[in-house]
Amino acid sequence: MAVPSPKQTDIIAATGLDRLRDQVQQVTAGVDEITRVANEVHEGTDAQTRSLDIAVSVANEMSASMDNTTTQSSSIAASAEELASSVNETGASIQQISVSADSLASAVNEMAASMEETSRSIESVTGTAHEMATSAEEVTSAMHEVAASIKSVSQDTEALTSSVNETAASMEEVARSIEGLSGNADQLNVAAEETASSINEMAASIEEVSAMSQNLATSVEEIASSIEEMARSVQGVAQNTEKVTEAAAGASVSANEMDRSLRSVAGMTSRAEEIATRLTREAEEGGAAAQKTIQGFGRVRGSMEQSAVVIREMGKRSGEISGIVNTINIIAERTNMLSLNASIEAARAGDAGRGFAVVAEEIRNLADRSAQATADISAIINGLQEVVQEAVAAANEGVRVAEESGRMAEEGSSGLQKMLTGIGETAQIVRQINRATEEQLTAAANVVTAIETTASQTKQISTAVVEQSKGAQEIVKATAHIRKTAKEISQANLEQSRGAREIVKTAKSTTVVANQLRKATGEQSIAANQIATTIESMRRGAVTTSRALEEQAIAGEQVSKEAERLARQISGVTRAMSEQARAASEVASATQSIRQQSAQIAKAVGEQGRAMSNMTVATNNVSKEITFVARSNRDHLNGAQQIQQMLKEIREITERNARGVRQTLTGSSGLRENALQVGTVIEELSQSANDNETKLTGSGQRNNGRSRRPRNGSKKLDGDHVRVFSDETSESQKE
Amino acid sequence: MLESTETNSEPFILLELAGTTYGVRSRFVQQMEMIEKITSVPNAAPSVEGVVLARGQVIPAVNLRVRFGFERIPFDLRSRLVVIKNGKRTIGLIVDTAREFINLSLGAIEPPPDAIRGLSGKYLEGIATIDGRIILVLNLDEVIELDTQINEDGAGVIA
């Protein structure tokens with residue numbers, strides 16, 4: 001190794017190539033994986049698309065069938081509506097039938113009446129015909145002798161002809177009637193079938209009627225029990241009404257008493273009002289008097305105080321008097337003393353002083369009396385002063401009492417004031433009471449009249465209730481009867497139901513018989529035609545014979561023939577008349593039975609009408625339900641269409657998925673190609689690296705001639721690594 | 001002057017003292033006074049209230065109640081000072097009252113009973129009854145005399 005640096009570079013390039021090759025290998029593997037998965041996805045989307053196609057087609061089918069269903073249910077609805085309308089029409093026609101059955105019944109009635117009249121007139125014609133017949137017989141007997149020979153031949157021939165004619169005619173009639181009968185038999189057949197169906201309906205309606213009559217029976221039971229209760233309650237009402245009557249009488253009496261007492265109350269209240277008014281006045285006066293009393297008490301107190309002052313003054317004065325009396329007493333004493341002194345002096349004077357002594361004596365007496373008087377006065381004044389003290393105390397007490405009295409009088413006055421207001425209120429209340437009592441009086445009068453009216457009405461009610469009670473009892477009886485009848489009706493309805501079932505059976509057999517009858521009448525018709533042909537030839541023969549005989553008898557037996565014919569016609573008329581009469585009576589009876597039947601038909605038609613109306617209701621319900629069904633079908637259809645739409649969208653999404661998968665596939669295959677190209681490039685690189693190595697080492701190895709063009713920026717690679725890589729690349733290419 | 005020229009009756013002043021009536025001969029009574037002002041004198045006998053001025057004359061006032069051994073009572077309007085003049089002596093006797101002047105028959109005066117002769121009897125001249133009233137007639141000489149003999153007060157009575 002002379003140059004070590006390029007070798008190192010080679011080693012580095014070989015290592016990078018090695019890594020690149022690994023990565024390419026990984027990429028290729030990943031692309032393969034993607035391709036595989038994309039394939040799976042593609043298959044899955046294909047399968048999904050297929051199943052979605054199936055689902056869409058199924059949804060389409062469903063939608064179509066829904067559509068169908070919707071149209072069918074719409075048509076059902078329409079037909080149900082048509083059915084309902086036709087049922088309505090049927091009901092209307094049944095009602096018309098009912099009406100026409102009613103009119104038929106009436107017409108039949110009229111016909112019966114006219115038939116009876118006809119019968120009567122036929123009888124009268126028969127009577128006149130009998131008379132005519134007798135006269136004709138007389139004519140005939142007269143004419144018999146004239147044309148005996150002619151008559152014998154003519155009669156025979158005539159009879160033959162006529163009988164042949166009649167036979168022919170009757171045969172034709174028979175044939176016609178057989179044909180008619182055949183037609184009738186057809187109609188009968190049809191009618192029998194219709195009858196069978198209507199009998200079925202009738203049977204059903206009879207079943208319903210039976211159920212309804214059982215309901216009726218139960219409700220009749222309930223009604224009966226409630227009527228019995230009502231009867232009981234009516235009896236109770238009757239008893240109560242009697243009590244009410246008594247109570248009303250009592251109330252009337254007590255109302256009268258109340259009226260009287262109210263009147264007395266009114267009188268008393270008006271008196272009370274007067275008294276209250278007077279009392280008010282007197283209380284006002286009393287208030288004024290109390291006011292005056294209060295003032296008087298004030299004055300009493302003042303005068304008491306004044307009198308106390310006066311009494312004290314008097315006491316003072318009596319003290320002064322006492323002083324004066326004392327002075328007088330002193331004077332009296334001194335006078336007494338002086339008179340004694342005078343007496344002593346007079347005694348000393350002897351006889352000369354004797355007169356003086358007398359005077360002194362008198363003076364002394366006076367002085368003594370004065371002293372006595374002053375002593376009395378003193379005593380009096382002492383007593384007076386005690387009295388004055390007492391008087392002053394009493395006056396003070398009087399002042400106190402006067403004050404108290406004034407206070408009490410004021411209290412009394414305020415109480416009186418309260419009393420006044422109370423009396424005023426009392427007066428007002430009494431006035432109100434008075435007014436109320438007057439109103440009560442009028443009201444009481446009204447009450448009395450009302451109670452009297454009530455009493456009389458209650459009596460009427462009582463009688464009415466008694467009648468009601470009777471009526472209720474009768475109703476109870478009648479109800480019991482009705483109950484029985486209802487049970488019987490129920491029973492009868494059940495029987496009718498059974499009978500109706502039998503009738504249904506019978507109607508079926510009738511239909512069979514009618515068919516047979518039709519067949520038989522067809523055969524009869526044929527036979528009758530044959531007979532008619534035979535009779536026609538017979539008639540032709542008879543006509544020829546008759547013509548010959550007529551020519552023979554023309555001349556001589558004109559009259560006879562006429563008479564004969566007359567008689568015969570008359571007798572025929574008579575016979576025909578009696579037959580007519582019989583027929584008329586038969587017709588009458590038949591009309592009668594027709595009338596009954598038409599009435600029954602009318603009834604049955606009515607029931608049919610009811611059944612029809614029930615059916616109408618049911619049909620309407622059906623129509624409604626069908627309409628609901630149609631609507632829900634339409635909703636379903638809408639849902640289905642939405643489902644379809646969603647399925648279509650899912651399908652589109654799936655298709656888009658498929659497209660994406662295809663694109664993925666395309667991309668992955670392109671990626672794979674690119675990877676392969678990368679592998680090729682790497683190989684070429686490896687080759688060129690090897691070449692380089694060979695050049696460097698001098699032993700070139702050109703084992704790979706596939707590398708054609710080295711790329712720009714291609715790296716120099718280590719030979720070992722390139723070899724390995726090329727092996728791996730070839731392996732991957734093989735893959 | 002002591003013996004009356006009258007036949008057998010003599011005027012008397014009647015005094016009241018502690019509910020008893022005493023009689024004093026009018027001729028010994030100079031005058032009578034209301035008791036107004038008594039001027040007390042020192043060392044006087046218990047019965048001597050003092051001296052009074054009567055008609056210009058100072059005379060002793062003797063409380064007769066004390067003199068007779070009765071209790072004192074306060075003076076009032078009825079109290080009297082009876083001025084007695086016996087001979088030369090003048091004395092005032094304070095009595096409860098003196099209001100009557102009567103002529104008493106001398107025959108009606110009886111000597112005091114023996115039972116009350118002693119001290120009481122010395123003051124009494126006699127006892128007179130008039131209209132059922134008992135009048136003790138005073139022996140003025142003794143009353144005055146006793147009055148003058150101040151120091152003999154109790155002993156004289158016992159003797």
Once you round to the nearest 0.5 Å, how far does [atom1] of [X] lie from [atom2] of [Y]?
X: B/Arg55; Y: A/Asn341; atom1: CZ; atom2: CG; result: 5.5 Å
X: B/Asn103; Y: A/Ser343; atom1: CG; atom2: OG; result: 10.0 Å
X: A/Leu338; Y: B/Glu33; atom1: CG; atom2: CD; result: 9.0 Å
X: B/Leu77; Y: A/Met337; atom1: CG; atom2: CE; result: 11.5 Å
X: A/Ile344; Y: B/Met32; atom1: CD1; atom2: CE; result: 5.5 Å

- Task: Identify which part of A/Arg364 has an atom lying under 4.5 Å from any heavy atom of chain B, answering side chain, backbone, both or neither.
- Result: side chain
- Query: What are the two closest heavy atoms between B/Phe101 and A/Leu340, and how far apart are they?
  - Reply: CB-CD2, 3.6 Å
- Message: Looking at every non-hydrogen atom in both residues, tell me the closest pair between B/Ala98 and A/Asn336 and how far apart they are.
- Response: O-OD1, 3.8 Å
- Item | Derivation of the side-chain contact (heavy atoms from CB on, under 4.5 Å) call for B/Arg80 and A/Glu333 | CA-CA 10 Å; B/Arg80 294 280 184 274; A/Glu333 284 298 318; 2.7 Å; yes
- Crowding at CZ, B/Phe68 (>12 non-hydrogen neighbours, <6.0 Å): yes
- Would one find more than 12 heavy atoms of other residues, nucleotides or ligands at under 6.0 Å from atom CE of A/Met408? no
